[in-house]
There are 2 protein chains.
Amino acid sequence: MARLAGVSHQTVSRVLNHHPSIRPETKQRVLDVMAELQYKPNRAARALVTSRSRIIGILSASSTQYGPASSIAAIEAAARASGYWVSTANLESTDAASIADALAHLAAQSIEGLVVIAPQVRVLETLAEMSIDVPFVTLQSTGDEPIRTLSVDQIAGARLATRHLIELGHRNIYHLAGPQDWIEAEARMRGFLDEMSAQDVPTTAPILGDWTADFGYYVGRELLTVRDFTAIFSSNDQMALGLMHAVRDAGLDVPGDVSIIGFDDIPEAAHFWPPLTTVRQDFAELGRRCVALLLGDIDPTAVEHHSTIVPELIVRGSTSRPSF
Amino acid sequence: MARLAGVSHQTVSRVLNHHPSIRPETKQRVLDVMAELQYKPNRAARALVTSRSRIIGILSASSTQYGPASSIAAIEAAARASGYWVSTANLESTDAASIADALAHLAAQSIEGLVVIAPQVRVLETLAEMSIDVPFVTLQSTGDEPIRTLSVDQIAGARLATRHLIELGHRNIYHLAGPQDWIEAEARMRGFLDEMSAQDVPTTAPILGDWTADFGYYVGRELLTVRDFTAIFSSNDQMALGLMHAVRDAGLDVPGDVSIIGFDDIPEAAHFWPPLTTVRQDFAELGRRCVALLLGDIDPTAVEHHSTIVPELIVRGSTSRPSF
DNA sequence: TTTCGGCATGTTCACGGTCACACACGCCGG
DNA sequence: CCGGCGTGTGTGACCGTGAACATGCCGAAA
């Protein structure tokens with residue numbers, strides 16, 4: 001032990017914790033010895049005595065998708081910078097048992113904070129039931145939950161996308177939404193509907209999808225049998241990709257015959273054919289702010305509960321004026 | 001404490017550890033009390049005394065990409081099933097300091113195993129220097145490192161892709177490789193070169209890319225100014241996407257004028273225009289096997305050090321016979 | 001000079017588990 | 001009838017750290 005080599009025992013602890021009253025000389029001696037024997041403080045012992053784990057848990061679903069993955073990476077980076085560790089639990093299915101299992105797994109580590117990136121309504125409900133006793137933040141929000149959320153303003157983003165289509169002159173616009181129980185899907189749908197009615201454009205019922213390009217393709221084929229629209233607002237880029245695929249398969253042109261707009265701005269979106277007009281979300285910023293919120297770096301009284309990040313419209317080649 | 005409610009103290013510990021000699025009646029009593037007061041064993045205390053953290057560290061780069069993200073999710077699931085936790089550290093840059101920092105961060109948790117998904121040669125070198133004292137596995141391999149690796153057989157996959165192009169009749173084939181210091185990039189490049197020479201096709205020097213669709217697009221534009229080729233093998237799907245974008249921008253057709261084949265089979269690949277011919281890697285299986293290897297579930301003598309998973313060629317619409 | 005207060009450091013204890021060992025009990029064989 | 005053994009349970013030490021308290025030293029004030 002470092003204490004044998006140097007002098008004592010508590011002194012080492014004081015050096016580690018930057019206690020003020022330590023003679024610089026002593027401090028240096030301890031540091032030297034620590035370096036020499038590659039001393040590493042034992043986290044378990046520290047956690048035991050302080051009863052603080054310094055671990056932030058992340059409960060996520062669909063962590064292979066670009067958005068969640070980016071957020072996770074950003075959270076990890078921010079947490080690390082603050083001396084925290086991140087432990088993830090990924091949901092394989094969305095049933096209550098699976099959620100409870102993942103949550104129990106995280107709880108067993110006595111996490112100090114929890115970030116929920118599993119944006120199903122159901123997850124939040126289960127969360128509430130389990131009476132999680134640590135501060136937690138969800139990265140998605142419909143704007144009226146009684147919990148702490150932090151999100152890209154999905155509604156504003158969806159309105160941005162919808163307004164873009166309307167301003168181009170489209171009147172027959174479909175919305176391909178995400179799964180019904182996803183908070184984000186709901187928010188985007190709401191944004192779409194809000195903007196449509198604000199601009200007095202007649203609305204058709206949104207179609208519920210599952211975020212995958214496969215589904216977008218399938219829906220596209222179905223819709224094109226009728227073709228009573230000139231534009232589609234897809235609530236993510238993958239489905240937009242599938243839609244474009246279907247449009248081309250039908251021998252039609254994007255944006256000539258159908259304008260398509262996505263959501264997220266995944267890195268590939270600029271290279272789709274045609275390059276996809278979409279709404280950019282800054283996932284990394286989201287992750288950073290999320291940790292800041294959790295760790296209370298931000299004055300908790302100064303921060304609004306529903307802090308939002310404003311998304312940005314990225315106009316590329318998949319939207320144009322309708323041709324009729 | 002549960003011990004007050006029930007009877008004693010060590011008995012609780014024995015119940016927790018499934019010690020054989022406990023009377024079923026006593027065991028049940030303890031379990032009941034535990035359930036009642038929602039007793040959770042303190043991981044820190046246990047880790048302290050057993051000096052086992054039950055944490056597996058993951059060092060990853062580019063965790064926002066589909067492949068790594070899938071592997072991470074699979075590792076997490078497998079680890080959880082075995083009662084382990086997963087802690088991730090993501091590399092923001094590939095310099096030695098950043099690697100050392102991430103590694104130190106993981107080491108500070110006294111991880112019991114390490115999975116390296118940051119597939120740069122440099123990472124492995126730094127790893128060796130830091131003399132990591134836990135078992136570790138890398139998910140990438142050129143096949144001749146003296147370390148424990150587990151990987152999709154990249155070389156075989158690259159040969160599969162190359163052979164496909166050659167069999168279609170292509171003779172002027174470019175290879176758009178990944179960054180030079182990435183192990184996977186190197187392996188795929190090697191597979192490409194091996195197959196080309198095995199089939200006696202003259203080879204041009206591979207072009208080094210950076211995995212992004214942006215780069216693929218850029219390279220595509222450059223290459224098309226000369227146009228001395230009929231096919232390109234891109235070492236991932238994103239760059240293939242960029243390439244196809246560039247080809248179309250030049251007014252040419254895929255696969256009519258240029259055949260393009262990718263690598264990975266990301267979920268979107270089937271919906272690119274045209275649907276991308278590519279090589280599928282089973283990342284999830286990789287993650288599972290990886291944990292099994294680490295935890296020694298597999299008889300360590302029975303397992304080869306360089307266990308591999310065979311990738312699969314997925315033929316779609318971006319490749320065809322050359323048209324001349 | 002004595003006393004007091006602050007600084008630098010040492011000592012003791014507690015955190016919540018596991019481990020090694022001790023103990024009580026009932027059963028068996030010599 | 002007694003000693004040994006196996007079963008089920010309790011006792012005490014210990015893991016490495018930080019908090020609370022104690023100690024020794026020195027300089028300034030009384």
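Residue numbers begin at 1 in each chain, while the letters A, B, ... track the order of the sequences.
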Can you give me the N/O atom pairs linking the protein to nucleotides 20-23 of chain D at distances under 3.5 Å, or say none if there are none?
from: D:dA20; atom 1: N6; to: A:Q10; atom 2: NE2; distance (Å): 3.1

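B:S110 pairs by the side-chain hydrogen bond (donor to acceptor under 3.5 Å, both in side chains) definition with nothing, not counting sequence neighbours. With sequence neighbours left out, A:Q28 forms a side chain to side chain contact (heavy atoms under 4.5 Å, CB included) with A:L31, A:D32. Partners of A:R52 by side chain to side chain contact (heavy atoms under 4.5 Å, CB included), not counting sequence neighbours, listed by chain and number: A:T50, A:R54, A:Y84, A:E112. Judged as a side chain to side chain contact (heavy atoms under 4.5 Å, CB included), and not counting sequence neighbours, the contacts of A:D181 are A:T94, A:Q120, A:P179. Residues passing the side chain to side chain contact (heavy atoms under 4.5 Å, CB included) test with A:D210, sequence neighbours excluded: A:T212, A:F215. Residues forming a side-chain hydrogen bond (donor to acceptor under 3.5 Å, both in side chains) with B:D264 (at least two apart in sequence, or on another chain): B:Q281. Checked against side-chain hydrogen bond (donor to acceptor under 3.5 Å, both in side chains), B:W85 has the following partners two or more places apart in sequence or in another chain: A:H105.
Comparing D:dG12, D:dT17, D:dG18 against the side chain of B:H9 picks out D:dG12 as the nearest.
Looking at residues 17-24 of chain A, you'll see A:N17 sit with a heavy atom under 4.0 Å from some atom of DNA chain D. Residues from residues 49-56 of chain A with heavy atoms under 4.0 angstrom of DNA chain D, sorted by number: A:V49, A:T50.
Contact between the side-chain N/O atoms of A:S13 and the OP1/OP2 oxygens of D:dG18 is found at a separation under 4.0 Å.
Not a single donor-acceptor pair under 3.5 Å links the side chain of A:S98 to the backbone N or O of A:L91. With B:S63 contributing its side chain and B:A69 its backbone, the two residues share no donor-acceptor pair below 3.5 Å.
Judged as a salt bridge (charged side-chain N to carboxylate O under 4.0 Å, His left out), not a single pair has a partner in residues 57-74 of chain B (not counting sequence neighbours). For the side-chain hydrogen bond (donor to acceptor under 3.5 Å, both in side chains) condition, the pairs that include at least one residue of residues 68-77 of chain A, sequence neighbours left out, are A:E76-A:R80.
Atom CE of B:M34 is separated from atom C1' of C:dG16 by 15 Å (rounded to the nearest Å). Between the CD atom of A:Q28 and the P atom of C:dT9 there is a distance of 13 Å, rounded to whole Å. Distance CZ (A:R46) to C1' (C:dG17): 20 Å, rounded to an integer number of Å.
Residue order along DNA chain D, read from the 5' end via each residue's closest nucleotide, puts B:R29 first among B:R29 and B:A45. Between B:L48 and B:T26, the residue anchored nearer the 5' end of DNA chain D, judged by the nucleotide with its closest heavy atom, is B:T26.
Note on B:K40: only backbone sugar-phosphate atoms sit closer than 4.0 angstrom, heavy atoms only; bases stay farther off.
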